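Step one of this worksheet: look at the structure below.
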Amino acid sequence: MRPFPRPRDLAEARRLQEALRARVVLAGDPTPVRWVAALDASAKKGEGLFAVAVLWDRRAEGAVAAASAHVPESELFPYVPGYLSFREAAAYLAALSRLPRPPQALLVDGQGIAHPRGLGIAAHLGVHLDLPSVGLAKRRLFGQPAGPLAEEADAAVPLCGPPGSLGAANPACPGIQVGWVWRSRARVRPVFLSPGHRVGLPETLAFARGFPRATKLPEPLRLAHLLAGRARKNRQTGPLPLEW
DNA sequence: GCGACAG
DNA sequence: ATCTTGTCGC
């Protein structure tokens, strides 16, 4: 497994993002893919970071395996908005390598191209692994909704970035569409969806809608979030029991 | 200078 | 991300 580059400072990190942004492919449809990995992490001040990968079978609509990896505090890149991949991606790669089989697509907790330089963690990981990927963030980092979002479940509006953004033209956007604001369930705050790599904008929304949802988060991400918290509490690394 | 700011 | 008490609802 190719190591994930670790920049010495933010200037170098920024140069990496600016270079890799050109490699993002905004077309493709991961909807028919069977094996998807959902990625989330849990971190606490003195405990480092625990990353979890959940292997999800889209055909059976269920999780089949999960694994965690740990990065000690001393080795962690600091959290700086816009540079999340340099903090979390290496841990995700380690967790992914512990799954019983490699995934065919990724669903990542964070932004895809809805990012100041078009390279949020989902896009960065997708390019690094050359896998289709989608970002799903609970909060906004970049872009503005094209308009008000309907209250009903499953409503979505384009997320628009300024003219130079990495994305696609959309009449609903003054500039460029970089993602979607999506109300995954009724009466919940919307989430922010954006393409990572090798996926188009309409397909990004279709891909996310294809997962079962009991809460605002699609099931594989909800599970990854739950397991990440438990992995940290129990300092658990390696394969994780699903029924945990 | 001020506000915004994934996890 | 984490922290924190109560509260509402099944």
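Lettering of chains follows the sequences in order, A, B, ..., and the numbering in each one begins at 1. These numbers come from a predicted model, not from an experiment.
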Secondary structure of DNA chain C in dot-bracket form (Watson-Crick or G-U wobble, distances below 3.5 Å, | marking inter-strand pairs): ..........
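- Across all strands, A:G82 comes closer than 4.0 Å to base atoms (heavy-atom distances).
- In this structure, the ring-ring contact (aromatic ring centres under 6.0 Å, His included) partners of A:H128, at least two apart in sequence or on a different chain, are A:F4.
- For the pair A:L136 CG and C:dA1 C1', the computed distance is 16 Å after rounding to whole Å.
- A side-chain contact (heavy atoms from CB on, under 4.5 Å) with A:F77 is found for one member of A:D9, A:L10, A:L84 and no other, namely A:L10.
- Using a cutoff of 4.0 Å between basic side-chain nitrogens and carboxylate oxygens, A:R232 and A:E47 are scored as salt-bridged.
- Nucleic acid contact for A:H225: sugar-phosphate only, since backbone atoms but no base atoms lie under 4.0 Å from a heavy atom of the residue.
- Under 4.0 Å is where a charged nitrogen must lie from a carboxylate oxygen, and between A:R222 and A:E219 at least one such pair does.
- A 4.0 Å heavy-atom criterion places the boundary nucleotides of DNA chain B facing chain A at B:dA4 to B:dG7, written 5' to 3'.
- No contact: A:L49 has no heavy atom under 4.0 Å from any strand.
- A:R198 places no side-chain N or O within donor-acceptor distance of the main-chain N or O of A:P30, the cut-off being under 3.5 Å.
- The aromatic rings of A:F211 and A:W56 sit perpendicular to each other, their planes meeting at more than 60°, with 30° as the lower class boundary.
- Remark: of the listed residues A:L242, A:L96, A:V64, A:V64 is the sole one forming a side-chain contact (heavy atoms from CB on, under 4.5 Å) with A:L55.
- Note on A:Q111: a base of the nucleic acid sits closer than 4.0 angstrom, heavy atoms only.
- Separating the NE2 atom of A:H70 from the C1' atom of C:dA1 is a distance of 14 Å, rounded to the nearest angstrom.
- Among the atoms of the strands shown, none is found under 4.0 Å from any heavy atom of A:F77.
- Using a cut-off of 4.0 Å between Lys/Arg side-chain N and Asp/Glu carboxylate O, A:D154 and A:R209 are scored as salt-bridged.
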